[in-house]
Amino acid sequence: MKNKVLHKAGSRGLANHGWLVSRHTFSFANYYNPDRMNFGVLRVLNDDFVAAGEGFGTHPHDNMEIISIPLEGDLEHKDSMGNVAVISKGDVQVMSAGTGITHSEYNKNSDRPVKFLQIWLFPKSQNVKPRYDQITLKTEDRKNKLQQILSPDPQDAGVWIHQDAWFHMGIFDKGIETKYQIRKSGNGVYAFVLKGSFTIDGTELSERDGLGISDADGVDIMSGQAGSEILLMDIPMNV
C-alpha cells in the first residue's frame, strides 16, 4: 500500500532576510519542525528568492550532494575547487561536497532577482572527492513529457551524483496524463509543483505543493492547467 505525505506550499518554513526570501520544505537553519526533517535521503528543499546584486558569502559543506536548479535570473557560483560559473534557467548544477568544500552564490544581475531551488541529498558514500558539474538542457525536451535531469550514472542523461537518485522535470498542457515508473526497488518519489497544478495518484497539488510517495512501483500524474511544471525526485528511502 502506498504511503503519502503532503506538504502544502503555505505550510513550509519561511526565512525572510530582506535580500533573501527562502521557503523551507524541511527543517533548515532557524526553521525546525521534527515532522519535517527529511523524506528518505532528501534532506533539504529550499525555494530561494535572492534580491538583485545580493547573495550567499563563502560557506562550507561536507558529505552532501547539493543540486541547484535556477528558475529565473542568473546565479554566479565560486568555489574552493577553482570553479567560477553562472547558471540560468535550463541549467542544472551539482556539487558533491564529500570531504569538504567552500563556495559562494550571488545574483549576477543588479536589476532583477534570481529564483532557484537548492536541494540536498544524503550521499551514498561518505568522504568522496569533492566535484562540481553543470549542464544546460533544452527545456523544449520536457514539453508534455518527463525529461531526466539527474541520475547516478555519468553516462546517462543529465548530471550525476553519488546517490541512487533520478530527477525529472516536465512542462505539461492541461489534461495530459503520464505514468512515472520508480527506477529502483525501495525508492520513493517526491513531487514538487513549480507552476500550475497536478493530480498525482488522486491527490490534488497546487503551485509549490510537495507530495512524497513511498512503497510504490510508480505514480500516475495528470496536469490540471496549461503550462503546469513539475519536478520529480526518485530517491532511496533508507538513509
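Computed from a predicted model, the values in this text were never measured in an experiment.
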* Criterion ring-ring contact (aromatic ring centres under 6.0 Å, His included) on F56 and W19, from CA distance to verdict -> CA-CA 10 Å; F56 303 88; W19 66 272; 5.4 Å; yes

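- Looking at every heavy atom in both residues, E105 comes nearest to S68 through OE2-OG, 3.8 Å.
- Applying the side chain to side chain contact (heavy atoms under 4.5 Å, CB included) criterion to K195, with sequence neighbours excluded, gives E207, E229.
- Under the 4.5 angstrom side-chain criterion for Ile, Leu, Val, Met, Phe, Trp and Tyr, Y106 has no cluster partners at all.
- The environment of K4 atom NZ is dense: over 12 non-hydrogen atoms of other residues, nucleotides or ligands sit within 6.0 angstrom.
- L194 has its side chain within reach of M169: a pair of non-hydrogen atoms, C-beta onward, lies under 4.5 Å apart.
- Residues D47 and R12 are paired through a salt bridge, judged by an N-O separation under 4.0 Å between the basic side chain and the carboxylate.
- No side-chain heavy atom of V86 sits less than 4.5 Å from a side-chain heavy atom of L75.
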Please report, to 0.1 Å, the donor-acceptor pairs under 3.5 Å made by any side chain of residues 153-162, with sequence neighbours excluded.
from : atom 1 : to   : atom 2 : distance (Å)
D153 : OD1    : Q155 : N      : 2.9
D156 : OD1    : Q148 : NE2    : 3.3
D156 : OD2    : Q148 : NE2    : 3.1

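- Closest approach of D91 to P70, counting heavy atoms only: O-CD, 3.2 Å.
- Going from atom CD1 of I182 over to atom CG of L232 covers 9.5 Å, rounded to the nearest 0.5 Å.
- Evaluation of the salt bridge (charged side-chain N to carboxylate O under 4.0 Å, His left out) rule for K138 yields no partner, not counting sequence neighbours.
- You'll find the side chain of F167 reaches within 4.5 Å of the side chain of I119, heavy atoms only.
- Within a 6.0 Å radius of CG in N238, no more than 12 heavy atoms belonging to other residues, nucleotides or ligands are found.
- Side-chain atoms of D79 come within 3.5 Å of backbone N or O of N83 as a donor-acceptor pair.
- The side chain to side chain contact (heavy atoms under 4.5 Å, CB included) test applied to P236 returns V41, Q163, D164, N187, not counting sequence neighbours.
- With salt bridges taken as basic N to acidic carboxylate O contacts below 4.0 Å, one links D173 and K143.
- The pair D220-K179 meets the salt-bridge criterion, with a side-chain N (NZ, NE, NH1 or NH2) lying under 4.0 Å from an Asp/Glu carboxylate O.
- Heavy-atom minimum distance, H17 versus A15: NE2-CB, 3.8 Å.
- No single ILVMFWY cluster, assembled from side-chain heavy atoms under 4.5 Å apart, contains both L150 and I230.
- Under the ring-ring contact (aromatic ring centres under 6.0 Å, His included) criterion, F26 pairs with H7, Y190, sequence neighbours left out.
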* Where do N144 and I171 land on the side-chain contact (heavy atoms from CB on, under 4.5 Å) test, with the steps shown first? -> CA-CA 6 Å; N144 287 326; I171 303 172; over 6 Å; no

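- Within a 6.0 Å sphere centred on CD of E204, other residues, nucleotides and ligands contribute 12 heavy atoms or fewer.
- For the residue pair E65 / S96, a side-chain donor-acceptor distance below 3.5 Å is found, with atom types taken as modelled.
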* To do: Test R23 against D48 for side-chain contact (heavy atoms from CB on, under 4.5 Å), laying out the working first.
  => CA-CA 7 Å; R23 290 283 186 177; D48 289 347; over 6 Å; no

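- Taken from CE in M233 to CZ in F192, the straight-line distance is 7.5 Å, to the nearest 0.5 Å.
- Considering only heavy atoms from C-beta on, T203 stays 4.5 Å or farther from I213 through its side chain.
- By the 4.5 Å heavy-atom criterion applied to side chains, E54 and N107 are not counted as neighbours.
- Judged as a side chain to side chain contact (heavy atoms under 4.5 Å, CB included), and not counting sequence neighbours, the contacts of T99 are N127, P130.
- Taking the six-membered ring where tryptophan is involved, the planes of H103 and H61 are tilted, since the angle between them lies from 30° to 60°.
- Between the side chain of Q134 and the backbone N or O of A85 there is no donor-acceptor pair closer than 3.5 Å.
- At a threshold of 4.5 Å between non-hydrogen side-chain atoms, the residues V239 and R43 do not count as touching.
- Residues G57 and S104 share a closest heavy-atom pair of C-CB, 3.9 Å.
- In this structure, the side chain to side chain contact (heavy atoms under 4.5 Å, CB included) partners of M237, at least two apart in sequence or on a different chain, are F39, S214.
- Under the ring-ring contact (aromatic ring centres under 6.0 Å, His included) criterion, Y31 pairs with no residue at all, not counting sequence neighbours.
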* Chi angles and distances behind the side-chain hydrogen bond (donor to acceptor under 3.5 Å, both in side chains) call for N33, S27 -> CA-CA 6 Å; N33 182 337; S27 294; 5.7 Å; no

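- Considering CG of D201 and CG of L211, their distance stands at 8.0 Å, rounded to 0.5 Å.
- Under the 3.5 Å distance criterion, the side-chain polar atoms of N38 are matched with a main-chain donor or acceptor of G40.
- Considering only heavy atoms from C-beta on, D62 stays 4.5 Å or farther from I101 through its side chain.
- Between atom CD1 of residue I221 and atom CG of residue L146 there is a gap of 5.5 Å, rounded to the nearest 0.5 Å.
- The structure places CD1 of I66 at 10.0 Å from CG of L121, a figure rounded to the nearest 0.5 Å.
- Members clustered with Y32: M37, by chain and number, using a 4.5 Å side-chain heavy-atom cutoff among hydrophobic residues.
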* Passes side-chain contact (heavy atoms from CB on, under 4.5 Å), D217 versus Q181? Steps please. -> CA-CA 6 Å; D217 296 324; Q181 194 71 28; 3.9 Å; yes

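- Side chains of S11 and R36: a donor-acceptor N/O pair is present below 3.5 angstrom, by distance only.
- Atom-to-atom distance recorded for S197:OG and M222:CE is 8.5 Å, nearest 0.5 angstrom.
- Residues K89 and T139 bring no donor and acceptor atom of their side chains to less than 3.5 Å of each other.
- The ring-ring contact (aromatic ring centres under 6.0 Å, His included) check on H24 picks up F28, with sequence neighbours excluded.
- Heavy-atom contacts from other residues, nucleotides or ligands closer than 6.0 Å to NZ of K2 number more than 12.
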Report all side-chain donor-acceptor pairs from residues 109-118 shorter than 3.5 Å, counting only partners two or more places apart or in another chain.
from : atom 1 : to   : atom 2 : distance (Å)
N109 : ND2    : D74  : OD2    : 2.8
R112 : NH2    : D74  : OD2    : 3.2
Q118 : OE1    : W120 : NE1    : 2.8

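- Taking 4.5 Å as the limit, some side-chain heavy atom of H77 sits within range of a side-chain heavy atom of Q93.
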